[in-house]
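A short write-up of the structure that comes next.
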Amino acid sequence: MQDTTTSAVHVSLGQAFWQLLRRDLLLTLRRGNEWINPLVFFVIVVSLFPLGIGPGAKTLQLIGPGVVWVSALLATLLALDGLFRSDYQDGALELILLSPHPLSVLVLAKVLAHWLITGLPLVLLSPLLGVLLHQDSSVMWVLMATLALGTATLSLIGSIGAALTVGVRRGGVLLSLLVLPLYVPVLIFGSNAVASAGMGLAVKGQLSLLGGMLFLALALAPVATAASLRVSVE
Amino acid sequence: MFLWFHKLGSPRYFYAFARIIAPWIALVCATTMAWGVYQALWVAPPDYQQGESYRIMYVHVPSAWMSMFVYMVMAVASAVYLIWHMKLAGFVAQASAPIGAVFTFLALATGSLWGKPMWGTWWVWDARLTSELVLLFLYLGYMALHEAYDNPSTGAKAAAILAIVGVVNIPIIHYSVEWWHTLHQGASVTKMGKPSMPASMLVPLLVMALSFKAFYGTVLLWRLQAKILEREYRSKWVRELLTGDKA
């Protein structure tokens with residue numbers, strides 16, 4: 001962070017992007033619990049469903065896609081609160097706001113780092129949970145593909161909520177209140193694609209829609225997040 | 001004309017304007033409501049299929065329309081507030097939110113009362129019900145965010161951004177739940193050329209819709225007056241107004 005701001009005049013936008021990405025990745029990786037806890041949460045929530053509903057293979061196969069998707073959604077939500085909070089508390093966020101580069105691009109770097117650390121492990125872990133819920137092995141690729149597209153969209157949409165609540169004390173609950181209604185479309189198409197694949201139906205349509213939503217979020221969400229950060233950090 | 005409009009943006013002039021105009025809109029609301037309710041409950045013929053229970057539509061449909069209309073007003077007012085920093089527009093958005101939330105709740109509640117005899121269940125997870133429910137959540141989130149900030153103007157700005165994000169999402173949410181699963185009957189009024197409803201049923205419905213709109217206008221103006229007094233209480237004109245001191 002130090003070198004990006006003091007020599008801001010000489011740093012190109014691309015350099016600033018990579019610097020910020022690298023810094024965020026390093027910081028989060030060194031503070032292990034920030035990225036491990038949501039993963040553990042994901043596994044525990046999924047394993048609670050068979051305990052609550054009953055271990056019948058038929059039922060689990062039926063509800064599996066939805067369970068994995070809802071749990072992944074909650075896990076991303078859990079990680080989201082930390083997206084801007086520590087930077088807000090130690091003042092780094094204000095320096096990022098003062099930078100001459102467009103804030104939406106810098107926000108994108110932060111969201112990308114956040115997704116690489118919290119979203120991607122969820123995607124990689126999901127086949128294991130699929131096995132626990134008796135999902136067909138042919139479905140796993142669809143599960144991973146939808147989660148990869150979906151969690152990225154969720155991180156982007158969620159960054160708006162995280163930016164709006166960063167200045168609020170105990171913003172965590174408020175954050176979920178704001179963001180969960182906006183997650184509905186992603187959840188619908190994500191779990192629907194996995195369920196359709198389980199019945200041997202084509203899933204190209206759902207995957208295209210998820211991809212479309214990702215690109216829409218990629219274009220619009222950083223702008224809204226940047227505007228929200230400017231309001232929150234006044 | 002433009003100058004007049006410009007003046008109206010200042011809370012002081014708007015307050016005076018609202019005091020004059022609100023009773024008239026309230027009168028429109030009361031008369032159309034009285035006529036509409038009479039027509040809807042006594043004059044309009046019973047439906048050949050649904051019997052008398054279709055009459056709940058005269059509350060249900062206008063509230064559902066209003067639930068979306070109020071959100072649009074909120075989003076436009078929020079955009080105006082963010083772009084031109086017009087304080088009054090922020091007040092409009094904030095004052096509209098609880099009214100819109102109540103309309104949304106009313107639409108959901110009357111819909112479920114109608115659903116019990118017609119569909120045999122209080123609730124189904126169909127597209128319109130689900131998107132209306134999500135709309136209610138959006139309203140609640142908006143109000144919660146507004147309340148969360150100690151500084152009212154920061155809260156207003158943050159909530160304004162949320163309202164705009166929500167309005168971008170509403171069509172996406174609506175179509176996604178529509179493709180997901182649907183059971184609700186198609187729109188029967190928007191088929192403008194040939195509405196699938198006789199005039200004796202349709203006219204009371206439109207009158208009720210007008211009445212609901214006037215109700216929103218009245219309550220909004222009242223809430224705005226209260227909000228202006230609350231936020232401008234330090235200014236001289238409010239003190240003169242409240243103490244009756246014309247000096």
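Every chain is numbered from 1, with letters handed out A, B, ... down the list of sequences.
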* Asked: Got a sec, which residues hit side-chain hydrogen bond (donor to acceptor under 3.5 Å, both in side chains) with K110(A), two or more places apart in sequence or on another chain?
  -> D24(A), D87(A)
* Would you say F105(B) has more than 12 foreign heavy atoms packed within less than 6.0 Å of its CZ? -> no
* To do: With rounding to the nearest 0.5 Å, note down the distance linking CG in L138(B) to CG in L177(A).
  => 10.0 Å
* Asked: How many angstroms lie between atom OG of S232(A) and atom CD1 of I161(B), to the nearest 0.5 angstrom?
  -> 7.5 Å
* Under 4.5 Å from a heavy atom of chain B, the part of I160(A) involved -> side chain
* To do: Output all residues satisfying side-chain hydrogen bond (donor to acceptor under 3.5 Å, both in side chains) with R85(A), sequence neighbours left out; order by chain, then residue number.
  => D81(A)
* Specify the closest pair of heavy atoms between L174(A) and A144(B), including all atoms of both residues, with the distance to one decimal. => CD1-CB, 3.5 Å
* To do: Tell me, yes or no, whether the heavy-atom count around W141(A) atom CH2, taken from other residues, nucleotides or ligands under 6.0 Å, exceeds 12.
  => no
* Residue Y15(B) excluded, over 12 heavy atoms near OH under 6.0 Å -> yes
* Atom of V168(A), atom of A148(B) and distance for their closest heavy-atom approach -> CG1-CB, 3.8 Å
* Structure fact -> Honestly, the part of I157(A) sitting under 4.5 Å from a heavy atom of chain B is neither
* Toward chain B: residues of residues 214-225 of chain A with heavy atoms under 4.5 Å -> L216(A), L220(A), A224(A)
* What heavy-atom pair brings T165(A) and L145(B) nearest, and what distance separates the two atoms? -> CG2-CD1, 4.2 Å
* **Contact origin within L164(A) toward chain B - heavy atom pairs under 4.5 Å** => both
* Asked: Considering residues at least two apart in sequence or located in another chain, which fulfil the side-chain hydrogen bond (donor to acceptor under 3.5 Å, both in side chains) criterion with T28(A)?
  -> none
* Which one of N169(B), L140(B), I170(B) has the most heavy-atom pairs closer than 4.5 Å to chain A? -> N169(B)
* **Spatial distance of atom CD1 (I172(B)) from atom CZ (F189(A)) [nearest 0.5 Å]** => 10.0 Å
* Which residue out of L180(A), L175(A), V231(A) racks up the most heavy-atom pairs below 4.5 Å with chain B? -> V231(A)
